[in-house]
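Take a look at the structure set out below.
Atom set for the values below is all heavy atoms of this structure, side chains included, hydrogens, waters and symmetry mates excluded. On a predicted model such as this, the values are computed, not experimentally measured, just so you know.
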Amino acid sequence: RIQFIEHKGKKILLEDFTDMKPGQEFIDTLNEAKRVIHSQPESSVLALFDATGGYFDQEVINKMKEFTASNTPYVKAAAVVGITGLLKIALMTVSKFSGRDFNPFKTRQQALDWLVEQ
C-alpha cells in the first residue's frame with residue numbers, strides 16, 4: 001500500500017488507503033508511510049494519499065494529525081484523492097492541525113499530473 005511510483009519522470013509516494021476502515025491495518029499502514037517518508041531528504045517527497053472508499057473515525061483522525069505533523073519537514077507537496085462528504089471535514093481538521101495544505105483531486109491521474117508540476 002506504500003510505494004514509490006514514477007509519473008512523467010518524477011518519483012511519487014503513493015499512500016494507498018483505498019477501501020480502508022479504521023483499525024490496526026490503517027495504523028500499520030500509516031506507520032509504514034511514516035517510516036518511508038522519514039527516510040527521504042527534507043522537502044523532497046511528492047505524496048499522493050488515496051482514501052477512495054475508506055472512512056475515518058476520531059482515532060484515525062487523531063493518528064492522521066500526528067502522522068501529518070511529523071512528516072511536514074519531508075513533504076514538498078501532497079495531493080489527496082477520494083475525499084468526499086464527511087472526509088472533507090476530517091481533511092480540514094488535519095490540515096489546520098498540521099499547518100499543511102492538501103490539494104484534493106477527483107482522480108489519481110489529476111493528482112499525479114499536479115504533483116509532477118510541483
Which pair of heavy atoms, one from [X] and one from [Y], lies closest together, and at what distance?
| X | Y | value |
| --- | --- | --- |
| L46 | L115 | CD1-O, 3.7 Å |
| V116 | D113 | CG2-O, 3.2 Å |
| I83 | A51 | CD1-CB, 3.9 Å |
| W114 | A78 | CZ3-O, 3.7 Å |
| H38 | S70 | NE2-O, 3.2 Å |
| E15 | A47 | OE1-CB, 3.5 Å |

Gap between atom [atom2] of [Y] and atom [atom1] of [X] - 0.5 Å precision:
| X | Y | atom1 | atom2 | value |
| --- | --- | --- | --- | --- |
| D50 | D19 | CG | CG | 9.0 Å |
| R35 | E32 | CZ | CD | 4.0 Å |
| I27 | F67 | CD1 | CZ | 13.0 Å |
| D16 | R108 | CG | CZ | 4.5 Å |
| D28 | R1 | CG | CZ | 11.5 Å |
| M20 | L30 | CE | CG | 8.5 Å |

Is it the case that over 12 heavy atoms from other parts of the model lie below 6.0 angstrom from the NZ atom of K21?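 More than 12 heavy atoms, drawn from other residues, nucleotides or ligands, come within 6.0 Å of this atom.
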Using the rule that two of Ile, Leu, Val, Met, Phe, Trp, Tyr join whenever any of their side-chain heavy atoms come within less than 4.5 Å, decide whether [X] and [Y] are in one cluster.
| X | Y | result |
| --- | --- | --- |
| F17 | V36 | yes |
| M64 | F105 | no |
| I37 | F49 | yes |
| V75 | V80 | yes |
| I61 | F26 | yes |

Any salt bridge between K34 and E66, counting N to O under 4.0 Å? no
Salt bridge present between D57 and K63 (N-O < 4.0 angstrom):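 No, no charged N to carboxylate O under 4.0 Å.
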With no hydrogens and no angle check, is any side-chain donor or acceptor of S44 less than 3.5 Å from a backbone partner on Q40?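 No; judged by distance alone, with no hydrogens or angles, the pair does not exist.
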Do K11 and F4 form a cation-pi contact, if we require the NZ or CZ to be under 6.0 Å from the six-membered ring centre and within 45 degrees of the ring's axis? yes
Step-by-step side-chain contact (heavy atoms from CB on, under 4.5 Å) determination, L112 to I5: CA-CA 10 Å; L112 289 168; I5 60 172; 3.9 Å; yes
Walk me through whether L48 and V81 qualify under side-chain contact (heavy atoms from CB on, under 4.5 Å). CA-CA 8 Å; L48 172 54; V81 176; 3.6 Å; yes
